[in-house]
Amino acid sequence: MAEAKLLGAPLPNLPWEDRAFASTEPVWRYSKNPIIKRNAIPTSNSVFNSAVVPFQNRFAGVFRCDNKKREMRLHSGISINGLDWSIDEGPIEWIIPEGVSKPEYGYDPRVAFIEDRFYITWCNGFHGPCIGIGWTQDFQTFYMLENALLPYNRNGVLFPRRINGKFIMLSRPSDNGHTPFGEIFLSQSDDLVHWGQHRWVMRGEMPWESTKIGAGPVPIETTEGWLLFHHGVLTSCNGFVYHFGATLLDIDMPWKVIGRTQSYLLSPQVHDEQVGDVPNVVFPCAALADSATGRIAIYYGGADTVTCLAFCHCAEIVNRCLDHA
Ligand code: BMA
């Protein structure tokens, strides 16, 4: 089979570090993790599970900053190199349509550039967690839309383009607590307001994802299908352990799984992932990809406390999905 290639735009300033010579890992950590510490802004208790995108030859992002009252808030940020971030001290103030409730809280954002603007999806507090959606064009003014799906739901992730004329969103129906179950579903929309034509996508199959799974970064388009990184959770005697793996979805019918990694790609094995406010969590919310080189940089939260970076090659991950490795 031909080597899988990325179909998006080149990104010459993608943050990158080569795999260590002695390593054979498909995903390897940035040697200077964490890239964002818990106290990156004066009010923050922790900055993690955050989403970044290329923006005007630089990078922009929406960050989960839990404050010292332990309120979960979304903040906007900007970076020249994708590594050093300047995060606004105040949370995003949404311009909210008539009749839509102000978010009670917001966490675990994803950002997708579709057509002419950046869409943000996040876990929005609306009588429990549900999927909030909004947009910006400049990372300064943010417009909220109607909540996309009913409570309780988390991990709302948009595809970066329409498929068969429809906007497509993955989500993970849940409960109002620390949900002990979860499978990925897909919904379709003509206008990003009305969602339907729901499809079931996948459940956890392997032990590392046996409790629940959820979509991670915005899916990445490749010649072999959509590459989706997803988190997978197992329940140990000491609580949940969050890993991540990858799945390849059909390009035109993205509810169809072509292949997936049987082994996790990253699990919490180093200090920033094992020690923090919630131990043993790696939680990816964004990935940058350079189609010229096939390189991918994955942004993930470590132990619900800091933001970390890892790297991989598109073709190697796609091969693992197809080989069920
Ligand atoms: C999930 C979400 C994530 C978090 C994870 C581990 O339910 O709340 O934000 O990283 O739990 O605590």
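Order of appearance sets the numbers: ligands from 1, and atoms from 1 within every ligand.
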All pairs passing salt bridge (charged side-chain N to carboxylate O under 4.0 Å, His left out) where residues 99-127 contributes a residue, at least two apart: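 Pairs touching residues 99-127 that pass the test: Arg64-Asp108, Glu115-Arg162.
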Partners passing salt bridge (Lys or Arg N to Asp or Glu O under 4.0 Å) against Arg58 (at least two apart in sequence or in another chain):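 Result, salt bridge (Lys or Arg N to Asp or Glu O under 4.0 Å) vs Arg58: none returned.
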Among Asp190, Asp252, Asp191, the one residue meeting salt bridge (Lys or Arg N to Asp or Glu O under 4.0 Å) with Lys166: Asp190
Residues clustered with Ile78, ILVMFWY side-chain links under 4.5 angstrom: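 Other cluster members: Val53, Phe55, Val62, Leu74, Ile92, Trp94, Ile96, Val100, Val111, Phe113, Phe118, Ile120, Trp122, Phe139, Phe142, Met144.
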Check: His313 ring centroid to Trp28 ring centroid under 6.0 Å: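 Yes, ring centres under 6.0 Å apart.
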Where Gly128 and Asn176 come nearest, the two heavy atoms and their spacing: CA-OD1, 3.6 Å
Report all N/O contacts between ligand 1 and the protein shorter than 3.5 Å as a table of atom names and distances to 0.1 Å; if there are none, say 'none'.
from, atom 1, to, atom 2, distance (Å)
ligand 1, 9 (O), Asn49, ND2, 3.0
ligand 1, 9 (O), Arg64, NH1, 2.7
ligand 1, 9 (O), Asp108, OD1, 2.9
ligand 1, 9 (O), Asp108, OD2, 2.6
ligand 1, 10 (O), Asn49, ND2, 2.9
ligand 1, 10 (O), Asp304, OD1, 2.6
ligand 1, 10 (O), Asp304, OD2, 3.4
ligand 1, 11 (O), Tyr242, OH, 3.0
ligand 1, 12 (O), Asp304, OD2, 2.6

